[in-house]
Amino acid sequence: MPNETSSFDEIYAAHYGDLTVQLYAYFGDRQEAQDVVQEAFCRAYAKWRTMSRYDDPVAWVRRVAWNLAINGWRRKRTAGRFLRRQRPAEPQIDGPGPERVALIAALATLPDHHRRAVVLHYLADQSVAEIADRLGVAEGTVKSWLHRARTALAAQLDLAESEDPR
Amino acid sequence: MTDELEKLFKDLRTTTLSEIVPPGTPQIRATVRRRRGTTALVGTGAAVATVLLGAGVALYPGSGTEYDVGDPTLPSVSASDVPVMPEPSGPAFDRMQAAGELLADRDKTPTSINATAAVVAASYENRMNDMPADTYTFHFYCVGEGSVDVVVKQGDRGNTVLGQGTATCAEHDATPLTLTIRQPKWDSLRISAAGDARSAGQAGFAFEFLSATGRTTFGPSGPPSSVLPTVAISSGR
């Protein structure tokens with residue numbers, strides 16, 4: 001049996017960042033995204049003995065993280081949140097640049113489904129078919145969401161419209 | 001055709017990844033250990049577990065209480081390796097929860113931006129990241145006795161005070177300290193709360209930021225504006 005502790009640590013190291021970026025784009029709040037991803041990994045670790053035998057435990061973590069995000073887990077968690085807030089201060093970093101601010105702001109104006117489809121496509125590198133399978137909708141629906149989202153983003157960010165994804 | 005959106009997302013990914021500091025797996029192990037301990041307790045401990053696990057049970061019926069954590073024969077991180085705050089318990093925890101109940105209903109208030117709750121301490125500081133430029137109504141509720149001096153500052157550092165006041169604690173029908181916070185640009189906010197001798201360690205508090213303009217919901221409201229910060233303090237709602 002592989003060392004469960006090291007496999008968990010490796011998966012955490014490999015996927016925490018990317019998953020946080022995706023949820024940051026979805027929330028518009030990096031701290032909230034970090035909290036949600038950390039919680040998803042906590043739940044995975046709590047049952048890691050079982051999960052480590054899954055073909056793709058990362059898929060489970062992703063699904064839990066997105067479910068937590070969509071269900072507003074962090075906002076419901078007032079009782080526990082203060083514990084995390086007591087952690088040592090993070091290193092100081094510069095604020096986001098204007099392009100990032102504009103992109104996050106534009107994303108926030110999209111309907112939830114459109115925003116999620118865009119994030120999965122551009123940040124999780126998923127195809128239309130994969131997004132459709134994951135969200136349980138027809139591929140045509142995803143194409144429509146992506147098309148509308150891209151049109152809206154292009155207008156808000158003053159970009160030239162480009163081809164729809166496959 | 002060059003997809004400008006792809007480039008923007010790629011930049012977003014690159015820059016954000018460089019800023020993210022993962023809390024780390026030791027903290028995960030500490031959290032899971034703490035929860036396992038919590039589920040073994042009754043009373044207030046059970047209440048905490050209910051709050052923390054509620055979402056999981058709802059999402060995954062039948063699996064929410066499964067805690068077969070790792071291999072117990074493997075070396076684990078000792079409790080002294082990770083700084084973990086003790087769980088609040090007893091009357092102070094009840095007051096914290098009572099204060100949390102006074103916050104706006106998230107489902108009915110889309111402009112409720114960020115909120116938290118805790119037990120009053122003699123010195124407390126919190127930080128809200130990524131708060132868009134906007135005008136916020138800040139409510140600070142304190143349940144218990146005594147009072148709490150509250151200061152809201154702009155950014156991760158510096159001493160730009162956007163609002164301050166004193167919240168008076170009450171066991172019932174606590175009247176919130178209400179401040180109008182004008183966030184001049186996309187930035188974090190720091191909130192410090194200093195309880196007096198009667199409230200520290202005994203009272204519970206909760207605070208929230210609501211977009212007074214309705215512009216900001218749970219995400220950003222748009223690019224930073226050039227609104228200058230000013231302060232207006234009032235008491236009561």
Side-chain angles (χ1 to χ4, degrees), chain A residues 4-5 8-9 12 16-17 20-21 24-25 27-31 34 38 41-43 45-50 67-68 71-73 75-83 85-88 90-93 95-105 108 122-123 150 153 157 159-160 162-163, chain B residues 1-6 8-9 11-13 15-17 19-23 25 27-29 31-32 35 48 51-52 54-56 59 63 66-71 74 83 85 96-97 100 103 106 115-118 126-127 129-130 132 156-157 186-187 206 217-224:
Chain A
E4 291 171 355
T5 301
F8 179 81
D9 287 5
Y12 180 89
Y16 179 90
T20 298
V21 173
Y24 168 45
F27 281 127
D29 183 330
R30 198 182 72 233
Q31 191 62 63
Q34 288 196 237
Q38 184 78 354
F41 274 106
C42 280
R43 294 183 183 192
Y45 185 72
K47 51 203 310 177
W48 192 245
R49 204 173 199 176
T50 302
N67 282 341
L68 291 172
N71 286 285
W73 165 77
R75 294 190 289 274
K76 295 172 183 170
R77 192 177 54 110
T78 55
R81 189 177 307 169
F82 96 101
L83 292 166
R85 295 287 189 187
Q86 312 307 316
R87 68 188 178 190
E90 292 180 352
Q92 303 294 337
I93 54 173
E99 285 191 341
R100 190 168 111 193
V101 170
L103 177 59
I104 294 293
Y122 284 102
L123 292 174
R150 290 162 60 87
L153 290 175
L157 299 171
L159 304 175
S162 52
E163 295 170 351
Chain B
M1 178 187 295
T2 301
D3 190 327
E4 293 179 78
L5 266 181
E6 281 187 6
L8 284 175
F9 277 105
D11 290 345
L12 169 70
R13 184 181 196 169
T15 56
T16 306
L17 276 175
E19 296 168 1
I20 291 172
V21 181
T25 52
Q27 191 172 85
I28 285 179
R29 294 188 176 95
T31 301
V32 172
R35 290 179 184 178
V48 173
V51 171
L52 295 177
L59 288 168
S63 64
E66 184 179 352
Y67 279 97
D68 48 342
V69 183
D71 183 343
L74 291 172
M85 286 288 288
M96 179 186 81
Q97 286 200 307
L103 298 173
R106 300 291 177 280
T116 194
N126 202 333
R127 187 177 64 187
N129 287 331
D130 298 325
D156 291 336
R157 51 188 175 272
W186 182 307
D187 202 348
T217 55
F218 286 115
S221 60

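Naming convention: chains lettered A, B, ... in sequence-line order (proteins, then strands); numbering from 1 in each chain. In this text, all values refer to a predicted model and were calculated from it rather than measured experimentally.
B/Glu6 contributes atom CD, which lies 11.0 Å from atom CG of A/Leu123 (distance to the nearest 0.5 angstrom).
Contact annotation for A/Leu103: only side-chain heavy atoms (C-beta onward) come within less than 4.5 Å of a heavy atom of chain B. Only the side chain of A/Tyr12 comes within contact range of chain B, judged by heavy atoms closer than 4.5 Å.
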Could you walk me through whether B/Glu4 and A/Leu157 pass the side chain to side chain contact (heavy atoms under 4.5 Å, CB included) check? CA-CA 10 Å; B/Glu4 293 179 78; A/Leu157 299 171; over 6 Å; no
Do A/Tyr45 and B/Thr25 pass the side chain to side chain contact (heavy atoms under 4.5 Å, CB included) test, and can you show the C-alpha distance, the side-chain angles, and the key distance before you say yes or no? CA-CA 9 Å; A/Tyr45 185 72; B/Thr25 52; over 6 Å; no
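Of the residues considered (B/Asp11, B/Thr16, B/Thr15), B/Thr16 shows the highest number of contacts with chain A, using heavy-atom pairs under 4.5 Å.
Below 30°, between 30° and 60°, or above 60°: for A/Tyr16 and A/Phe41 the angle between ring planes is between 30° and 60°, a tilted geometry.
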